[in-house]
Every structure is written in C-alpha cells, then in structure tokens.
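Heavy-atom basis, side chains included; hydrogens, waters and symmetry copies ignored. Within every chain, numbering begins at 1; the chains are lettered A, B, ... in the order of the sequence lines, protein sequences first and strands thereafter.
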Amino acid sequence: MSEKNHKVLVTGLGIISALGLDLAENWANLCAGKSGIREITLFDASKLQTRIAAQVSGSFEEYAKEYCKKRISHQMTRVTRFCYVCALDAVARSGIDFDAFDRSRCGVILGAVTSGNSTAEQGTTAKNRIIKGMSNSMSAWISMHFGLEGPNFVVNTACASSAYAMSLAHDLIASGRADLVIAGGADSTINYEEIEGFNELYALSTFNEDPVRASRPFSAERDGFVIGEGAGIVILESEKSAIRRKADVYAEFAGYALTSEAYNIMSPKKDGEGMAKTMRLALGNSGTSPEDIDYINAHGTSTTLNDKYETMAIREVFGSRAGSIPVSSVKSMIGHTIGAAGAIEAAITSMSVRNDMVAPTMNLERRDPELDLDFVPEKARRHVIRNAISNSFAFGGHNATIVLRKYTAQD
Amino acid sequence: MAKITDKTREEVKKTVYEFFADECEIDIATLSDDTNVIKDIEGDSLMFLELLEIFKKKYGLDIELKTVGKYVVKHPAETIGAIINMTMLIIEHENGISNLD
C-alpha cells in the first residue's frame with residue numbers, strides 16, 4: 001500500500017444489534033446499560049447447553065421492508081438484510097449523494113464469517129440457496145444498490161473480520177485510491193449447529209437462568225461469551241471529500257494495526273503478548289503515544305483467557321497510565337457479534353469520541369482481583385476523549401486494533 | 001407439443017403480469033408489454049427462470065433449462081411482451097424450440 005497522505009474520516013455510522021435497529025437507539029440503550037441478551041427464540045435451543053443469545057428484535061423484518069424490496073429480500077438471508085439495511089440507513093443519515101461522487105472511487109468492504117444461511121433461517125428452501133450462501137453478496141448488494149464501481153469484497157478473519165475490513169478501507173482512502181468506502185460487517189451464528197460447536201469448545205456462557213447477567217467481561221464469575229448478531233457500518237471518507245460536501249464528522253480514523261499471532265487456532269498468546277504488540281503497533285502507525293489514549297473499547301469477550309490477557313496487554317502497553325484509562329466492553333450488553341463486532345464496536349467508539357461519553361461494562365458486581373483496570377462498571381461515564389482504541393482479537397490469531405481520534409477541522 | 005389457444009395466451013399473460021407485479025411490488029396497472037423488466041421495474045435475470053418453473057408445472061412441459069438458455073442467448077427477451085411471446089413458443093415447441101431460428 002502506498003504512503004499515507006490523505007486523512008480518513010468517519011462520516012457515517014449504522015448499528016443493528018439486539019439493542020436496536022439504528023445508531024441512535026443502540027447508543028441510547030448502551031449508555032443506559034441495557035441488555036439485549038435473552039432466551040433464544042430463533043430456533044428450539046432447549047437441548048443445547050447454551051440457550052441464550054443477543055438476538056436482533058423480531059420487528060427487524062418489518063423495519064427492513066422500508067429499505068429492502070421483496071424481490072431482493074428473497075435472495076438474502078436475514079444477516080445479509082441486516083447488513084444491507086444498516087448500510088442504506090447509514091448512507092441516508094450521512095446525507096451522501098453518490099451522484100456527486102465519482103462512483104469508480106467508491107467501494108464497499110465488509111467483514112463476515114458467514115452469510116447466516118443456516119437452519120435457523122426462517123423458511124429455508126433450496127430457492128436462491130447459492131446466492132443466499134455467498135457471504136460476498138453482502139457487499140455486492142450494497143454496491144449494486146448505489147452503483148458503486150470501486151473495490152467490493154468481504155473478508156473473513158473470524159471475530160476481527162470487520163476490523164480488518166475497515167482497515168483495508170482506510171488504506172484505500174489514505175493512499176488516494178478511493179474517496180469513500182462503506183465499511184463494516186454483519187454476522188449471526190445464532191443457530192443450533194454453531195452454538196453446539198462453541199459449546200464443544202467451552203467458549204460460551206451457560207448462565208441460562210439469568211440471561212441479562214450472562215455476559216460478564218472482566219468479572220470473577222465470567223464463564224464464556226454470549227453470542228450476539230447484527231451489523232455495523234462505518235462510512236470512511238477522505239477529508240477532502242467530507243469537506244466538499246460539508247459532511248458531519250464523527251471521528252478521524254487515525255490508523256490501525258493488523259497482526260497474526262501465528263500461535264494457536266483458538267487461544268491467544270500467553271500473557272497477551274500478541275495483543276500488546278497489536279496495540280503498540282496501532283499507536284505507532286497512527287502517530288499516537290500511550291499518553292494520548294483516553295478510552296479503550298476492549299475486545300472483552302467474557303472468556304477466562306481473553307479478559308485476563310487483554311488486561312495484561314493493556315498494562316504492558318500503557319504502563320502506569322493503564323489504571324486511569326477507562327476500558328469497557330459493550331459485549332456485556334450486545335453479546336459477541338463475531339464478524340460484525342469490530343465494526344459495531346468501532347461505531348460505538350466513534351460515538352464515544354464524538355460525545356465524550358463511555359458506554360459501561362455491565363455485570364461487574366464481582367471483580368476478578370487479577371483484573372485491576374478501570375472497567376467503567378455499571379454506569380456510562382462522561383469523559384473527555386482525544387483518542388480511543390478499539391480491539392478485536394479473533395480465533396486463528398487474527399488481531400486488530402484501530403485508533404479513532406477526535407476530529408478538528410483545520411482552517 | 002401443446003396446442004396454443006387464445007385462452008392459453010390470456011392465461012400466460014395474466015400469470016406473467018401478476019408475477020412481475022407481485023415480485024417487484026408495483027401496481028399491475030402500470031405494467032405493459034413494453035415494460036423493460038430490468039430497466040423499468042428493477043427485475044433480474046432469475047425471474048424468467050422462476051416463471052419457466054411455474055409454466056413447466058402448469059402445462060407439464062418437457063423442456064430443459066439449457067435448451068431455453070441457448071435460445072435466450074440468441075433471442076434475448078427484455079420486455080414483458082417479449083417474455084410472453086417466448087413463453088408461448090416454449091409451450092408450443094417445448095424442447096423443439098432448439099430447432100427454431
């Protein structure tokens with residue numbers, strides 16, 4: 001990738017999650033500490049060890065009809081619809097008129113693990129099975145809708161997928177090869193087979209009796225993550241383009257780091273060594289020092305190892321400042337949205353940077369004494385944020401840290 | 001090979017119009033034989049295949065998709081009228097459509 005010379009701005013955001021169908025609803029619910037985790041209703045989960053998840057509301061399908069014609073809706077899975085609706089909503093709210101753009105310089109780059117063409121899909125038939133199963137159809141549908149002729153693809157790096165997608169989008173703009181990229185991702189693994197599979201790996205919480213309290217990042221009682229689902233869209237745009245159209249700017253996408261642990265298919269490297277390396281590289285790549293960071297949006301899955309090692313990594317990178325930087329995990333409320341997590345959490349972090357507000361980590365009644373950072377327990381907090389990082393650490397050792405900076409327009 | 005009557009043509013026309021109106025969520029009264037399926041009503045190429053399946057069942061047609069595919073490459077049908085005409089040919093000639101110019 002060529003040398004960086006163009007500033008990359010976040011000029012549009014969208015979130016669909018168990019806490020809402022658009023950005024405003026999600027942000028309000030997250031700041032209020034609400035939980036979207038409940039008993040699974042998408043399919044009969046009664047025989048599974050884990051019977052809870054953070055499902056998107058059933059009202060989504062009715063909402064989607066405002067954006068998605070029946071004809072193409074039938075060619076999409078529910079997850080593809082999440083992504084499509086989220087992107088159309090984000091574009092509309094950011095006031096983008098693609099007729100004023102060179103469409104060959106606009107792209108769509110998404111992260112997704114699966115298109116969600118599973119047995120949990122309502123009315124599953126052979127009809128359109130191939131198109132529904134194509135995870136690349138997520139970016140293709142969006143590109144077709146707006147007539148965007150720049151790069152259009154989907155990456156899969158498990159739980160870091162959409163963080164990778166945003167990073168690739170950043171490079172296209174920073175290098176001057178694109179003016180605007182609709183980046184983000186969508187995912188759902190709330191189906192019988194995948195929950196059974198995660199249970200086999202002892203990765204999921206089985207705290208079925210109290211779903212709202214099941215996702216407990218950094219807590220002494222944490223017993224695994226809770227699967228979520230949804231979509232996150234982060235519209236990245238060159239500063240020049242944003243200024244031209246007087247765009248509303250949420251934050252600057254200041255930089256990132258992508259690394260591979262090359263260690264274990266599931267477990268992070270001991271003591272968070274790979275996580276620390278990723279955060280340190282991201283700071284360096286974005287010209288940011290540890291002293292400049294005022295908020296860390298943690299990967300914070302609520303698994304034993306992730307939370308322990310991420311805490312150790314933050315201590316390692318931020319040294320004596322580590323204990324005074326707010327660190328929170330929104331997975332305590334929306335679960336782990338897998339391929340969508342990076343983008344959803346980047347959107348939330350952008351809102352934090354813009355509004356100087358940190359969403360809390362819920363269910364931290366019993367702290368793990370080993371994990372001694374400021375996890376913003378139970379209540380959102382007003383806090384001035386100059387720069388923030390958002391972490392995504394995936395099975396397969398795919399790590400990503402992105403850096404978001406408060407944007408100040410230059411004269 | 002079926003015998004084509006005025007009634008058959010009316011049935012086909014009704015089915016085709018209703019199919020496009022329903023799938024594209026538009027008022028059937030706005031459709032005409034000149035309506036371009038892709039440009040005017042945001043249809044797609046898969047729609048003709050779905051219609052073909054409907055007519056195969058309705059009239060018990062002996063027709064292979066690859067035969068239709070080869071014919072369509074030579075004789076593209078872009079409007080609703082052209083699709084109705086092609087459907088009539090398929091009903092009339094079934095796999096014999098491959099022998100037509």
Side-chain angles (χ1 to χ4, degrees), chain A residues 59-81 83-85 87-89 91-92 97-99 103 108 115-117 121-149 152 182, chain B residues 12-61 63-66 68-69 72-73 76-84 86-87 90:
Chain A
S59 65
F60 167 74
E61 293 300 351
E62 204 52 41
Y63 174 70
K65 286 178 184 169
E66 292 174 31
Y67 297 87
C68 199
K69 283 195 166 179
K70 184 176 140 189
R71 176 70 198 161
I72 61 168
S73 185
H74 285 174
Q75 296 172 66
M76 294 175 175
T77 59
R78 187 166 155 271
V79 179
T80 306
R81 274 194 296 281
C83 197
Y84 184 80
V85 169
L88 267 58
D89 182 51
V91 168
D97 172 11
F98 280 114
D99 286 342
R103 283 180 158 87
V108 187
S115 67
N117 196 27
E121 185 77 11
Q122 298 296 311
T124 297
T125 66
K127 196 175 175 188
N128 296 319
R129 182 177 286 161
I130 297 300
I131 294 170
K132 284 180 172 178
M134 290 162 40
S135 56
N136 60 304
S137 71
M138 289 188 198
S139 63
W141 284 118
I142 296 166
S143 159
M144 284 188 283
H145 179 85
F146 293 114
L148 308 183
E149 296 168 349
N152 160 24
I182 298 172
Chain B
V12 167
K13 184 170 181 174
K14 184 170 183 284
T15 304
V16 170
Y17 269 65
E18 284 175 354
F19 174 80
F20 282 116
D22 185 41
E23 286 292 322
C24 297
E25 295 173 279
I26 48 176
D27 182 355
I28 196 165
T30 64
L31 298 177
S32 75
D33 282 4
D34 293 330
T35 301
N36 186 298
V37 171
I38 292 174
K39 289 179 186 162
D40 296 336
I41 57 173
E42 297 181 55
D44 59 68
S45 57
L46 288 174
M47 297 177 97
F48 182 65
L49 299 181
E50 289 174 32
L51 268 172
L52 189 64
E53 286 301 316
I54 291 170
F55 290 122
K56 269 176 81 171
K57 282 182 193 155
K58 188 174 174 79
Y59 296 109
L61 301 177
I63 181 77
E64 289 185 38
L65 187 56
K66 64 181 179 186
V68 177
V72 170
V73 169
E78 295 177 351
T79 63
I80 287 182
I83 288 170
I84 292 169
M86 185 178 294
T87 305
I90 291 168

A/Arg71/B/Glu23 under salt bridge (Lys or Arg N to Asp or Glu O under 4.0 Å): CA gap, chis, key distance, verdict: CA-CA 5 Å; A/Arg71 176 70 198 161; B/Glu23 286 292 322; 3.0 Å; yes

B/Glu42 atom CD, neighbour heavy-atom count above 12 within 6.0 Å: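 Open.
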
Residue A/Glu62 excluded, over 12 heavy atoms near CD under 6.0 Å: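 Not buried by this count: 12 neighbours or fewer within 6.0 Å.
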
Separation of A/Ile131 CD1 from B/Leu46 CG (nearest 0.5 Å): 4.5 Å

Side-chain donor or acceptor of B/Glu25 paired with backbone N/O of A/Lys70 under 3.5 Å: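 Flag set: sc B/Glu25 to bb A/Lys70 pair under 3.5 Å.
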
Any residue of residues 30-40 of chain B which, by heavy atoms, sits under 4.5 Å from chain A: none

